Amino acid sequence: MKLVLLGPPGAGKGTLAAFLNKKLDIPHVSTGDMLREEMKNNTLLGQEVKHYVESGGLVPDQVVIKLIENKFSHDKAIDKGYMLDGFPRTKVQAKDLDILLNGLNKPVDYAVYLDASLPVIVERLTGRRICRHCSAIFHVKNNPPKKEGICNRCGGEIYQRPDDNEETIKTRMSVYLKNTKPVIDYYEAQGKLKKVDADRNSQEVQESLMKIVHSIGEHERGCC
Ligand code: AMP
């Protein structure tokens with residue numbers, strides 16, 4: 001199964017990708033996670049992108065495209081399929097991704113668009129907490145860790161992303177509206193867009209996604 005997860009920050013792309021990864025063992029490829037890893041390790045790339053990530057702006061297309069090219073050309077796990085999260089975020093990235101994936105004979109099956117409204121997004125992002133070690137996602141109200149500050153899954157330290165504050169969320173939303181909406185139109189024009197109402201709770205969203213996954217399975221088996 002080869003999916004692109006689209007939607008505004010806070011729509012639940014990461015949570016959904018983690019769910020699918022656990023359920024179907026399909027690799028979750030998140031450019032945001034890859035960039036944060038570079039920043040954590042203070043690599044040259046990490047230093048180069050820090051300003052963009054922390055201010056909520058977009059990292060230049062060539063930089064993220066290169067990251068994805070490297071990942072897809074070298075990671076054998078991708079043979080099983082993939083769930084792209086946070087990429088593509090611009091039409092240039094979407095077009096380059098198509099060229100790359102068609103060349104590898106792994107074209108996108110569907111782009112799943114998680115449609116969430118602004119008040120829901122702000123509530124989710126300001127309350128979001130993340131494990132520094134395994135990237136598990138928590139929420140102070142809706143999904144708090146059993147022990148404050150400690151990850152249920154791996155015991156790692158839980159932190160708040162510096163870009164999950166109201167000011168930066170506003171910037172990320174306007175960047176999203178300007179750049180990523182055309183990506184949604186791009187997949188719609190290809191007949192690959194599946195829209196999911198992401199204002200609902202995560203279980204309902206997961207059920208909608210599983211229906212899409214099953215329809216891909218049936219399509220691949222040539223059924224219905
Ligand atoms: P995310 O974890 O997907 O919310 O991404 C966090 C930040 O990383 C974004 O606000 C951008 O600064 C940067 N970023 C992640 N993916 C991309 C991308 N595909 N294009 C440009 N910047 C990106």
Side-chain angles (χ1 to χ4, degrees), residues 3-18 20-21 27-43 45-72 82-101 108 111-114 116 118 120-139 158-184 186-187 198:
L3 290 182
V4 164
L5 301 178
L6 297 174
K13 300 185 294 293
T15 306
L16 200 58
L20 273 189
N21 175 261
H28 171 200
V29 181
S30 155
T31 39
D33 283 350
M34 290 157 88
L35 293 167
R36 280 185 289 279
E37 187 65 20
E38 297 285 340
M39 286 162 54
K40 190 167 97 184
N41 296 331
N42 200 26
T43 62
L45 177 62
Q47 291 168 20
E48 187 187 332
V49 302
K50 189 173 161 49
H51 158 75
Y52 300 103
V53 174
E54 290 188 346
S55 65
L58 285 189
V59 171
D61 284 333
Q62 321 81 272
V63 175
V64 277
I65 289 167
K66 192 101 216 125
L67 267 184
I68 287 292
E69 278 175 1
N70 279 341
K71 177 86 180 163
F72 276 76
Y82 52 81
M83 278 170 297
L84 272 164
D85 161 11
F87 188 96
R89 256 177 161 96
T90 65
K91 206 165 158 186
V92 171
Q93 293 177 19
K95 286 183 169 173
D96 277 19
L97 182 67
D98 269 354
I99 294 170
L100 172 73
L101 295 176
V108 172
V112 178
Y113 168 35
L114 299 178
L118 190 58
V120 172
I121 288 167
V122 172
E123 203 266 335
R124 282 192 191 149
L125 289 183
T126 49
R128 178 162 74 174
R129 301 291 182 270
I130 298 186
C131 172
R132 224 179 259 289
H133 183 64
C134 73
S135 304
I137 301 170
F138 298 89
H139 188 278
I158 288 173
Y159 81 115
Q160 180 174 27
R161 270 173 52 173
D163 57 343
D164 278 349
N165 63 73
E166 270 197 53
E167 203 46 45
T168 313
I169 291 167
K170 277 190 207 140
T171 310
R172 287 159 68 199
M173 271 311 287
S174 66
V175 164
Y176 165 77
L177 288 172
K178 179 165 170 270
N179 297 285
T180 312
K181 281 279 189 191
V183 177
I184 292 165
Y186 179 82
Y187 285 110

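Bear in mind that the values here come from a model prediction, so they are computed numbers and not experimental data. Counting starts at 1 for both ligands and their atoms, following the listed order.
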Heavy atom of G57, distance to ligand 1 below 4.0 Å
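Flag set, G57 near ligand 1.
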Is ligand 1 less than 4.0 angstrom away from at least one heavy atom of R36?
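Yes, that is the case, since the closest heavy atom of the residue is under 4.0 Å from the ligand.
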For [atom], what is the closest protein heavy atom, and at what distance to 0.1 Å?
{"atom": "atom 4 (O) of ligand 1", "value": "R161 NH2, 3.1 Å"}
{"atom": "atom 9 (C) of ligand 1", "value": "R89 NH2, 3.8 Å"}
{"atom": "atom 7 (C) of ligand 1", "value": "V53 CG1, 4.0 Å"}
{"atom": "atom 13 (C) of ligand 1", "value": "L35 CD1, 3.6 Å"}

Checking the N or O distance criterion of under 3.5 Å, is ligand 1 in contact with [X]?
{"X": "Q93", "value": "yes"}
{"X": "S30", "value": "no"}
{"X": "D33", "value": "no"}
{"X": "G86", "value": "yes"}

I need the minimum non-hydrogen distance between V183 and N179, along with the two atoms involved.
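It is CG2-O, 3.8 Å.
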Nearest candidate to atom 22 (N) of ligand 1, where distance is taken over non-hydrogen atoms, out of V59, D163, T31, I65
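Selected option, by shortest heavy-atom distance: V59.
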Can you see whether T90 engages D61 through a side-chain donor-acceptor pair at a distance of less than 3.5 angstrom?
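Checked: T90/D61 side chains pair up, N/O donor to acceptor below 3.5 Å.
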Expected output: side-chain K13 to main-chain G7 donor-acceptor under 3.5 Å:
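Present.
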Report yes or no: does T31 contribute a side-chain atom to a donor-acceptor pair with the main-chain N or O of G86 at less than 3.5 Å?
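Indeed, once roles are kept as given, a pair shorter than 3.5 Å links the two residues.
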State which residues pass ring-ring contact (aromatic ring centres under 6.0 Å, His included) with Y82; sequence neighbours excluded, sorted by chain then number.
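Testing Y82 for ring-ring contact (aromatic ring centres under 6.0 Å, His included), a comparison that skips the adjacent residues, returns F72.
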Could you go step by step and tell me if Y176 and R89 meet the side chain to side chain contact (heavy atoms under 4.5 Å, CB included) rule?
CA-CA 8 Å; Y176 165 77; R89 256 177 161 96; over 6 Å; no
Establish, yes or no, whether the cationic atom of R129 lies under 6.0 Å from the six-membered ring centre of F138 and within 45° of the ring axis.
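Because its charged atom misses either the 6.0 Å distance or the 45° angle limit, R129 does not stack over F138.
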With a 4.0 Å cut-off, would you call R172 and D164 a salt bridge?
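The answer is yes: the pair qualifies as a salt bridge.
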Under-4.0 Å salt bridge between K95 and D98:
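No, this pair does not count.
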Atom indices of ligand 1 within 4.0 angstrom of R172 heavy atoms, with elements
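Contacts of ligand 1 toward R172, numbered from 1: 4 (O).
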Any idea which atoms of ligand 1 are less than 4.0 Å away from a heavy-atom of Y52?
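Matching atoms, with element in brackets: 12 (O).
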